[in-house]
Asker: 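Before I ask anything, here is the structure I am working with.
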Protein chains: 2
Amino acid sequence: MATEQDFAAMRLLVDLLADKWTLPILGALCENGGRQRFNALKRGIAGISQKSLASCLKRLEFNGLIERIVATKGQLSVEYRVTAIGHSLELPINALILWSNQNIDVIMAAREASRSATLT
Amino acid sequence: MATEQDFAAMRLLVDLLADKWTLPILGALCENGGRQRFNALKRGIAGISQKSLASCLKRLEFNGLIERIVATKGQLSVEYRVTAIGHSLELPINALILWSNQNIDVIMAAREASRSATLT
DNA sequence: CCGTATCCGTTGGGATACTG
DNA sequence: CAGTATCCCAACGGATACGG
């Protein structure tokens, strides 16, 4: 049964993760051992725009889930790293992704069923 | 490391859950053993509008996570129930909510730190 | 390379009023 | 009770161009 606290927790989760790109970004960031540069990240995430990536990274940094490290040696380069607390999210998120992988067929079937039901 | 499949899974998760009200609705539905009527649901979720609730419930039903049972005996009454596949989401979601409860203070502190950093 | 600035169509979602 | 319809504004997010 959900408590008041749980609702606050849900609101926080929505703030942190519930948009189009946060999950893919976090996923792409973890691919390379938790660190990646801006354009590498952009190339790794099909279809994302610079704008969305930048704003999303800002929010993640603002919430302390990732950190931004600037290396001014010669060429400008910026690396984004998943923080400790960011890493602690991997486990529960991976559980969700596993669930999604296991149930994607059922969901798609349910959608088809809904669609054909409305056609009758 | 994230596979192509995982990105598809993430997209599905975003489709299913990544909006303002889905998590609270699912939470409220589970409060009463997985079944609840429309207005009871509305009263249980602080701040939600009829419109948002209705559209969200439609999408959840479309994806097979809940079902809509109409009882036309006398007074019109509609009950929404979490399906089996919907229930299978409880475990991974609760893990996330637990994470959120455990880390909400750290997140808030990180936000404060970011804010004071920009003021300097 | 790493962004920010601007423009702009699309969507989200609250308020309110109305229907079966 | 359980929604649908309408209005309306703010936010999202893609495309493009520009700057450090």
Side-chain angles (χ1 to χ4, degrees), chain A residues 7 10-11 13-29 32 35-63 66-82 114 117-118, chain B residues 7 10-11 13-29 32 35-63 66-82 114 117-118:
Chain A
F7 277 96
M10 289 180 205
R11 262 179 258 120
L13 282 175
V14 169
D15 278 3
L16 291 182
L17 308 173
D19 76 314
K20 196 175 178 182
W21 293 112
T22 302
L23 241 48
I25 288 175
L26 241 31
L29 213 42
N32 199 27
R35 54 175 58 190
Q36 195 71 271
R37 288 172 56 186
F38 187 86
N39 279 320
L41 215 42
K42 176 158 164 35
R43 281 187 297 270
I45 303 170
I48 198 173
S49 65
Q50 277 192 337
K51 184 184 174 182
S52 299
L53 180 56
S55 68
C56 221
L57 287 172
K58 268 193 176 174
R59 188 167 36 76
L60 285 169
E61 189 196 1
F62 174 71
N63 288 307
I66 66 174
E67 53 186 346
R68 179 174 180 277
I69 287 110
V70 185
T72 39
K73 331 233 176 186
Q75 251 294 32
L76 169 62
S77 104
V78 179
E79 192 175 78
Y80 290 90
R81 297 187 194 168
V82 179
S114 303
T118 54
Chain B
F7 277 96
M10 289 179 204
R11 261 178 261 122
L13 282 176
V14 169
D15 278 3
L16 291 183
L17 308 173
D19 76 315
K20 195 176 180 183
W21 293 112
T22 302
L23 241 48
I25 289 174
L26 242 31
L29 256 183
N32 199 27
R35 54 175 58 190
Q36 194 71 270
R37 288 172 56 185
F38 186 86
N39 280 320
L41 215 44
K42 177 159 163 35
R43 279 186 298 269
I45 303 169
I48 198 172
S49 65
Q50 279 191 335
K51 184 184 172 181
S52 299
L53 180 55
S55 69
C56 222
L57 286 172
K58 267 192 178 175
R59 187 168 35 75
L60 284 170
E61 190 196 1
F62 175 71
N63 288 309
I66 66 174
E67 52 186 347
R68 181 175 180 275
I69 286 113
V70 185
T72 39
K73 331 233 177 191
Q75 251 294 30
L76 168 63
S77 106
V78 178
E79 193 175 75
Y80 289 91
R81 297 187 192 167
V82 180
S114 303
T118 54

Asker: Once you apply a heavy-atom cut-off of 4.0 Å, does A:K58 come out as touching a base, just sugar-phosphate, or nothing?
Answerer: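 The answer is sugar-phosphate, as A:K58 gets under 4.0 Å only of primed atoms, P, OP1 or OP2.
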Asker: Run the numbers on B:I25 and B:I48 for side-chain contact (heavy atoms from CB on, under 4.5 Å), then give the verdict.
Answerer: CA-CA 9 Å; B:I25 289 174; B:I48 198 172; 4.0 Å; yes
Asker: Do you know which two heavy atoms are closest between B:Y80 and B:L29, and how far apart they sit?
Answerer: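 It is O-CD2, 3.4 Å.
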Asker: Where is the tightest heavy-atom contact between B:L23 and A:M10, given as atom of each residue plus distance?
Answerer: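 Result for this residue pair: O-SD, 3.5 Å.
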Asker: Without decimals, in angstroms, what is the distance between A:R59 CZ and D:dG13 P?
Answerer: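 Going from CZ in A:R59 over to P in D:dG13 covers 9 Å.
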Asker: Please report the closest heavy-atom contact between B:W21 and B:I45, naming both atoms and the distance.
Answerer: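 Scanning both residues, the minimum pair turns out to be CZ3-CG2, 3.7 Å.
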Asker: Using a 4.0 Å cut-off on heavy atoms, which residues in residues 16-27 of chain A reach DNA chain C? List them by number, or say none.
Answerer: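 DNA chain C contact set from residues 16-27 of chain A: none.
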Asker: Whole-Å distance between D:dG13 P and A:L53 CG?
Answerer: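 That distance rounds to 12 Å.
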Asker: For the pair made of CG in B:L57 and P in D:dG3, what is the distance, rounded to whole Å?
Answerer: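 Atom CG in B:L57 sits about 8 Å away from atom P in D:dG3.
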Asker: For nucleotides 15-20 of chain D, give me one character per nucleotide, 5' to 3': B if any protein heavy atom sits under 4.0 Å from the base, S if the only such contacts are to the sugar-phosphate, - if neither.
Answerer: B-B--B
Asker: Quick test of your reading: applying salt bridge (Lys or Arg N to Asp or Glu O under 4.0 Å), list the pairs with at least one residue in residues 44-57 of chain A, sequence neighbours left out, ordered by first then second residue.
Answerer: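 Passing the test, one end in residues 44-57 of chain A: no pairs.
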Asker: Quick one: is D:dG3 close enough that its OP1 or OP2 comes under 4.0 Å of any side-chain N or O from B:R68?
Answerer: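 Yes, such a contact exists.
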Asker: What closest approach, in Å, do A:S114 and B:F62 show between heavy atoms, and which atom pair accounts for it?
Answerer: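 Taking A:S114 first and B:F62 second, the nearest heavy atoms are OG-O, 3.2 Å.
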Asker: For B:E61 and B:E67, work out which heavy atoms get closest and say how close.
Answerer: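 Looking at all heavy atoms of both residues, the closest pair is CG-CA, 4.5 Å.
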Asker: Using the rule given for side-chain contact (heavy atoms from CB on, under 4.5 Å), can you reason through A:L57 versus A:L41, listing the C-alpha separation, both sets of side-chain angles and the distance that settles it, and then say yes or no?
Answerer: CA-CA 10 Å; A:L57 287 172; A:L41 215 42; 4.0 Å; yes
Asker: My understanding is that only residues two or more places apart in sequence, or in another chain, count here; which of them pass side chain to side chain contact (heavy atoms under 4.5 Å, CB included) with B:S77?
Answerer: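 Checked B:S77 against side chain to side chain contact (heavy atoms under 4.5 Å, CB included); matches are B:R37, B:A71.
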Asker: Reading DNA chain C 5' to 3', which nucleotide is the first, and which the last, to come under 4.0 Å of any heavy atom in chain B?
Answerer: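 Result: C:dG13 to C:dG20.
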Asker: Got a sec, which residues hit side-chain hydrogen bond (donor to acceptor under 3.5 Å, both in side chains) with A:S49, two or more places apart in sequence or on another chain?
Answerer: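 By the side-chain hydrogen bond (donor to acceptor under 3.5 Å, both in side chains) rule, A:S49 matches A:S52.
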Asker: Determine whether B:L60 and B:L26 make a side-chain contact, defined as any pair of heavy atoms from C-beta on separated by less than 4.5 Å.
Answerer: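 They are in contact (side-chain heavy atoms under 4.5 Å apart), so the answer is yes.
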Asker: With sequence neighbours excluded, tell me which residues meet salt bridge (Lys or Arg N to Asp or Glu O under 4.0 Å) with A:R35.
Answerer: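 Result, salt bridge (Lys or Arg N to Asp or Glu O under 4.0 Å) vs A:R35: A:E79.
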Asker: For DNA chain D, what are the stems built from at least three Watson-Crick or G-U pairs in a row, each pair having both distances below 3.5 Å?
Answerer: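 If one scans DNA chain D for consecutive Watson-Crick or G-U pairs, the stems found are C:3-20 with D:1-18.
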Asker: Just N and O in the side chain of A:S55: are any of them under 4.0 Å from OP1 or OP2 of D:dG13?
Answerer: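 Indeed not, no polar side-chain atom of A:S55 lies that close.
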Asker: Going by salt bridge (Lys or Arg N to Asp or Glu O under 4.0 Å), name the residues that satisfy it together with B:R68, two or more places apart in sequence or in a different chain.
Answerer: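 Salt bridge (Lys or Arg N to Asp or Glu O under 4.0 Å) check on B:R68 returns nothing, list empty.
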Asker: Nearest whole Å is fine: how far is D:dA2 C1' from B:E79 CD?
Answerer: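 Interatomic distance, CD of B:E79 to C1' of D:dA2: 14 Å.
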Asker: Using whole Å, what does the distance between atom P of nucleotide D:dA2 and atom CG of B:L41 come to?
Answerer: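 Those two atoms, CG and P, are 10 Å apart.
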Asker: Between B:A54 and B:R43, who's closer to the 5' end of DNA chain D by nearest nucleotide?
Answerer: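 This one resolves to B:R43.
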Asker: Could I get the full list of side-chain hydrogen bond (donor to acceptor under 3.5 Å, both in side chains) partners for B:D19, not counting sequence neighbours?
Answerer: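 For B:D19, the residues satisfying side-chain hydrogen bond (donor to acceptor under 3.5 Å, both in side chains) (neighbours in sequence not counted) are B:T22, B:R59.
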